[in-house]
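Some notes on the structure that comes next.
Chain identifiers are assigned alphabetically (A, B, ...) following the order of the sequence lines, protein sequences preceding nucleic acid strands; residue numbering begins at 1 within each chain.
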Protein chains: 4
Amino acid sequence: MSLHIEPSSPDPIYRQIVGQVARMVAAGQCPPGTRLPSVREVAAAHAVNPMTVSKAYAQLEAQGLLERQRGKGMVVAAQAPASRSIRDRLQALAPALEEVARQAGQLGLEEGPVIEALRQRMQNENREQ
Amino acid sequence: MSLHIEPSSPDPIYRQIVGQVARMVAAGQCPPGTRLPSVREVAAAHAVNPMTVSKAYAQLEAQGLLERQRGKGMVVAAQAPASRSIRDRLQALAPALEEVARQAGQLGLEEGPVIEALRQRMQNENREQ
Amino acid sequence: MSLHIEPSSPDPIYRQIVGQVARMVAAGQCPPGTRLPSVREVAAAHAVNPMTVSKAYAQLEAQGLLERQRGKGMVVAAQAPASRSIRDRLQALAPALEEVARQAGQLGLEEGPVIEALRQRMQNENREQ
Amino acid sequence: MSLHIEPSSPDPIYRQIVGQVARMVAAGQCPPGTRLPSVREVAAAHAVNPMTVSKAYAQLEAQGLLERQRGKGMVVAAQAPASRSIRDRLQALAPALEEVARQAGQLGLEEGPVIEALRQRMQNENREQ
DNA sequence: GTGGTCTAGACCACC
DNA sequence: GTGGTCTAGACCACA
């Protein structure tokens, strides 16, 4: 359960954390009960204000993905939709795919080259991990 | 030259306009001289603040994609790099593809289903047009 | 749409705001589209930090009760469950009733005196308004 | 003398314990000398940190409701104001009633349905015991 | 004008 | 040790 934060990203830090945790939970990489790094740990590790991390955790709790264990920290919620089906996870990916399709259409690009470009990106992604 | 605006989208309205016009010009769908709908027309059609549309047009003018013709409104600039190569246009698509690849990785999705989902989205996109 | 804030209350200010707005929306006192006082107005009126108010509004937005109109402020959401039925509103009251029933049971109190006490409280409440 | 603990409740565990014991003593359901379950028993039975239970007992001792008997644990204090008058016990219930009245007002609910709902809750409460 | 984000630091409550 | 709340103040993005 390690987080990657990009301080210069257009989208805010707290949302980066929310997104990453949500996807990892959805992918089943964090079964219910998994303990998250404490607010202070994350804040120190990434040189970020604790409140920023706290805000992300609060939002994840509101979404029902995390649970607070008083005095102990946050854990992945018991009712968290762990390891959702491929179909469900594709649905989580839908907005990003939609954006690609729309932009590709406006750019007058055909299916072939776009798919090929995506394939390459995904292979790079796997190599990096 | 019709615009699609999503008021509830996470990215701001003015940027939606800039992005769409830029992509359509790059695709050669609007040859130099093509007249754009007036600020007032766009504002009225989409119930948007005219200043927002104006800001988008101003930004496109600054990028050299549009020209202001006195009394006539904005037109696609003569020096606009119309119909850029596929390679160039794919590069414009890169950030969106990057985002898909990253999220797919975090969701633990394989290449196959993702590519298939994108293919379907793109075919829908074409049908709608 | 005026808010009442009790700084010395055990439950936090931002939650007081959330609760009040939610109940007023549920009661149909604020039809969809009603504009809320701006963050800065509320903050100034109650000598509270703007972030505290902002936090409340953000939470109400996450619950789907409010919508952000960019540059204009927050309004009651179109899909907000306006003027819910008495049955629904009683359900919103359930936790508080539950608490009374539990405590009354532990105090060994009969139904009669408790109901009478509640009746008096509610009449006081109405007089104050 | 059995306790009911709600780990997910908004109010803290130690306060739940304090409240319940105080109300049961006030109701005369536990005459002076009644032995309370040991810290370890309560902690084990409810999967709660022993320190939390201990803190609750300490607070009740400070209030004069419990006494520590060496080697035997906590018992209800001799000077505990057992079986207080109905009037006194209603006063202990006042904050909860206040909360119901306030929320009902904001929800635009009339006295009738609220009283009826409370009546039902209290009858359920009695049946469960 | 609107809300959003982040920081630094203080204090509290709970376990 | 944990997270929560609030403040004061700065800066940004949007309309």
Practice task
Measure across B/Leu3 and B/Met24 and return the closest heavy-atom pair with its distance rounded to 0.1 Å.
Solution key: CD2-CE, 4.2 Å
Exercise for the section: For the residue pair A/Gln103 and A/Glu99, confirm or rule out a side-chain donor-acceptor distance under 3.5 Å. Expected result: yes
Fill in the blank from the handout: Separation of F/dA8 atom C1' from C/Asn49 atom CG, nearest Å, is 7 Å
Fill in the blank from the handout: Of E/dC15, F/dC14, F/dT7, the nucleotide closest to the side chain of B/Arg15 is F/dC14
Handout entry: Sugar-phosphate, base or nothing in reach of C/Lys55, heavy atoms under 4.0 Å
Key = sugar-phosphate
Fill in the blank from the handout: Between CE of B/Met51 and P of E/dG1 the distance, given in whole Å, is 14 Å
Completion exercise
Here the distance between atom P of E/dC14 and atom CD1 of D/Ile5, to the nearest Å, is 14 Å
Exercise for the section: Find the distance between CD (A/Glu61) and CE (A/Met74) and round it off to the nearest 0.5 Å. Expected result: 4.5 Å
Exercise for the section: Using only side-chain N and O atoms of A/Tyr14, determine if any of them is under 4.0 Å from OP1 or OP2 of E/dC6. Expected result: no
Exercise for the section: Give the rounded distance in Å between these two atoms: CD of A/Glu41 and P of F/dG1. Expected result: 11 Å
Practice task
Counting heavy atoms from C-beta on, name the nucleotide in F/dT7, E/dC6, F/dT5 closest to the side chain of A/Pro12.
Solution key: E/dC6
Handout entry: Residue matched to F/dT5 through Watson-Crick or wobble contacts both under 3.5 angstrom
Key = E/dA10
Problem - base_contact_polar (E/dG3 base, C/Arg40 side chain, donor-acceptor, <3.5 Å) - result: yes
Completion exercise
Side-chain contact check for A/Arg68: nearest option of E/dC14, F/dG4, E/dT5 is F/dG4
Exercise for the section: Tell me whether the OP1 or OP2 atom of F/dT7 has a side-chain N or O from C/Thr52 closer than 4.0 Å. Expected result: yes
Handout entry: Side chain of A/Arg70 - closest among E/dC14, F/dC14, F/dT7
Key = E/dC14
